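Comments concern the structure below.
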Amino acid sequence: MVNSVQKAGASPAQWSSRFAFIMAAVGSAVGLGNIWKFPYITGENGGGAFVLVYLGCIAIIGIPIMMAEVMLGRRGGKSPIGTMQVLSRAEGRSRGWVGIGILATLASFLILSFYSVIAGWTMPYIVSAASGELSNISAETSGALFEGLLASPGQLLLWHSVFMGLTVLVSAGGVRHGLERAVTKLMPALFVLLLILVGYATTTGHFGEAVSFLFRPDFSSLTAEAVLVALGHAFFTLSLASGAMMAYGAYLNKKVSIVRTSFTVAILDTCVAMLAGLAIFPVVFAHGLAAGEGPGLIFVTLPVAFGQMPGGSFFALLFFVLLLFAAWSSSISMLESLVSHLHERGISRVKAAIGGGLVAWLIGITTLLSLNVWSDFAPLSMFERFEGKTLFDLYDYFTANIMMPLCAFLTAVFAGWVMKPEHSAAELGQRWHGVWYAVMRYFTPIAVLIVFYTNLG
Ligand code: TRP
């Protein structure tokens with residue numbers, strides 16, 4: 001068994017360097033989660049206290065779990081499902097642990113279906129920016145523009161289809177070719193552009209207000225549900241508990257330090273989210289927009305900021321193009337768990353990517369309709385918790401707040417209790433293994449359970 005583990009890990013299909021892996025992992029991690037979702041859920045959950053809990057979740061749960069997933073992926077050397085088959089056999093344990101791989105693959109697949117719809121929103125904004133439509137746009141017009149987009153199933157379908165097509169295209173060819181070269185340039189560009197936006201935000205006169213909104217915690221406004229949302233988002237934004245990091249870890253060279261790499265990826269991801277918050281909230285306050293506006297937050301506020309800054313149309317164009325690329329490098333990683341698994345079972349990558357993309361596209365159509373035609377359709381309204389939640393809300397809720405925490409819990413149990421410590425130490429290195437191991441055994445599973453439990457009450 002040890003032999004096949006080693007052989008699989010030494011397969012030729014590897015990232016070309018540690019830097020390439022970091023960029024691919026950052027490409028997966030940095031996406032709509034940082035720039036679209038983080039600001040709007042922060043707005044909905046009252047700011048500072050939520051941000052602090054989120055940062056805590058990243059530091060003490062997200063980073064150790066990321067190490068566990070990359071470690072499992074590299075050791076198994078296969079798709080998440082294949083990896084869990086290899087590892088449960090190698091550890092002489094029940095095949096039931098393959099459930100982690102299945103749950104992860106399902107979660108990322110479901111996420112892809114709605115992620116594609118949201119990512120599609122960037123494209124009409126690219127068109128508007130290029131046509132100059134955004135220059136000097138007022139907050140009302142910007143709001144109306146966004147409402148108009150959501151109200152049009154035809155437009156949403158067009159852009160959802162284009163985005164899913166782009167995802168399938170790269171996925172079919174194998175993620176290491178095109179992806180590696182693209183992310184190493186685009187991620188740094190996005191970072192610089194965010195810095196420029198933050199620079200502009202300091203001129204709005206409301207920067208201080210935004211800083212205190214984001215970083216001055218008011219725990220009286222923090223609910224148990226907000227803590228669960230923060231935990232779920234920590235997983236979402238780091239692409240955890242969904243196979244992506246496991247799948248990418250399988251292509252990672254044995255010599256690279258998993259501990260250092262995981263820290264780097266998590267820190268970069270967090271910086272992008274913080275920059276997005278600092279770019280967006282000053283504009284929100286300056287224009288009297290609602291922080292709790294919801295999923296439309298950045299699409300309504302940023303055009304107003306761009307519309308007023310010098311060279312705004314150009315920056316708007318650049319921003320939405322980069323956001324599109326950031327979402328693209330994320331969506332590719334969502335499809336990877338499924339495609340690499342089907343590929344292991346003898347289906348070509350092209351067929352697997354097209355088939356997977358097609359099903360995700362179909363599910364995505366139900367998300368897109370729940371933004372307009374089906375906006376009153378709340379199938380689980382008989383449960384108080386799900387009252388008024390549309391299909392889109394439900395997909396988001398189930399994946400981020402249920403499937404991902406569950407998957408992370410099981411991953412922690414497997415890495416901390418099922419796998420022999422010599423095996424995890426062989427991947428993670430002796431130096432940090434002790435601390436990581438203690439966290440994985442006791443802290444992570446218990447913390448995830450507590451958050452879950454308090455939410456059931
Ligand atoms: N982390 C990405 C973001 O923040 C989303 C993402 C990529 C993802 N791959 C994933 C989320 C896998 C869940 C599962 O936008």
Side-chain angles (χ1 to χ4, degrees), residues 23-42 54 57-58 62-63 65-66 69-70 73 79-80 100-122 163 167 170-171 175 179 183 186-187 190 194 229-249 262 265-277 295 298 322-341 356 360 395-408 411:
M23 283 300 127
V26 170
S28 168
V30 172
L32 298 172
N34 309 64
I35 295 166
W36 163 72
K37 197 171 180 192
F38 169 73
Y40 101 70
I41 58 178
T42 297
Y54 160 76
C57 288
I58 295 271
I63 294 178
I65 286 279
M66 183 181 294
E69 291 195 14
V70 178
S79 71
I100 293 179
I102 297 173
L103 187 60
T105 305
L106 277 179
S108 58
F109 189 69
L110 199 53
I111 290 169
L112 173 63
S113 75
F114 66 79
Y115 200 85
S116 168
V117 175
I118 318 284
W121 297 352
T122 58
F163 187 80
T167 305
V170 176
S171 183
V175 291
L179 182 68
V183 286
L186 295 168
M187 286 297 127
L190 180 66
L194 278 174
V229 172
L231 179 69
H233 187 62
F235 294 136
F236 184 91
T237 192
L238 295 177
S239 308
L240 297 177
S242 54
M245 289 298 158
M246 254 196 230
Y248 278 11
S262 301
V265 172
I267 289 168
L268 287 173
D269 184 79
T270 305
C271 287
V272 172
M274 295 303 123
L275 288 177
I298 70 156
L322 289 172
L323 184 57
L324 172 63
F325 275 103
W328 192 9
S329 60
S330 298
S331 65
I332 292 162
S333 76
M334 291 174 201
L335 201 49
E336 186 59 16
S337 303
L338 181 71
V339 170
S340 59
H341 176 64
Y395 297 152
D396 182 33
Y397 191 93
F398 274 103
T399 49
N401 300 354
I402 297 177
M403 294 170 91
M404 298 174 90
L406 183 63
C407 188
T411 304

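Both counts, for ligands and for their atoms, begin at 1 and track the order of listing. If you're wondering where the values come from, they're calculated on a predicted model, not measured in any experiment.
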Plane angle bin for Trp328 and Phe325 - parallel if under 30°, tilted between 30 and 60°, otherwise perpendicular: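 Tilted: the ring planes of Phe325 and Trp328 meet at 30° to 60°.
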Aromatic ring pairing Phe236/Tyr115, orientation class (parallel under 30°, perpendicular over 60°, tilted between):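 Geometry flag for Tyr115 against Phe236: tilted rings.
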Residue contacts for ligand 1, heavy atom to ligand atom, distance under 4.0 Å: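 The answer is Ser28, Ala29, Gly31, Leu32, Gly33, Asn34, Ile111, Tyr115, Phe236, Thr237, Ser239, Ser242, Ser330, Ser333, Met334, Met404, counting any residue whose heavy atom sits under 4.0 Å from ligand 1.
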Expected output: side-chain Thr411 to main-chain Cys407 donor-acceptor under 3.5 Å: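 Between the backbone of Cys407 and the side chain of Thr411 there is a qualifying donor-acceptor contact (under 3.5 Å).
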Side-chain donor/acceptor of Thr105 to backbone N/O of Gly101, under 3.5 Å: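 Checked: pair present.
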Sole residue of Leu275, Val26, Asn34, Val30 in side chain to side chain contact (heavy atoms under 4.5 Å, CB included) with Leu190: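 Between Leu190 and the candidates, side chain to side chain contact (heavy atoms under 4.5 Å, CB included) is satisfied uniquely by Val30.
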Partners meeting side chain to side chain contact (heavy atoms under 4.5 Å, CB included) with Ala230 (sequence neighbours left out):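 Scan of Ala230 (side chain to side chain contact (heavy atoms under 4.5 Å, CB included), adjacent residues dropped) gives Phe50, Val53, Tyr54.
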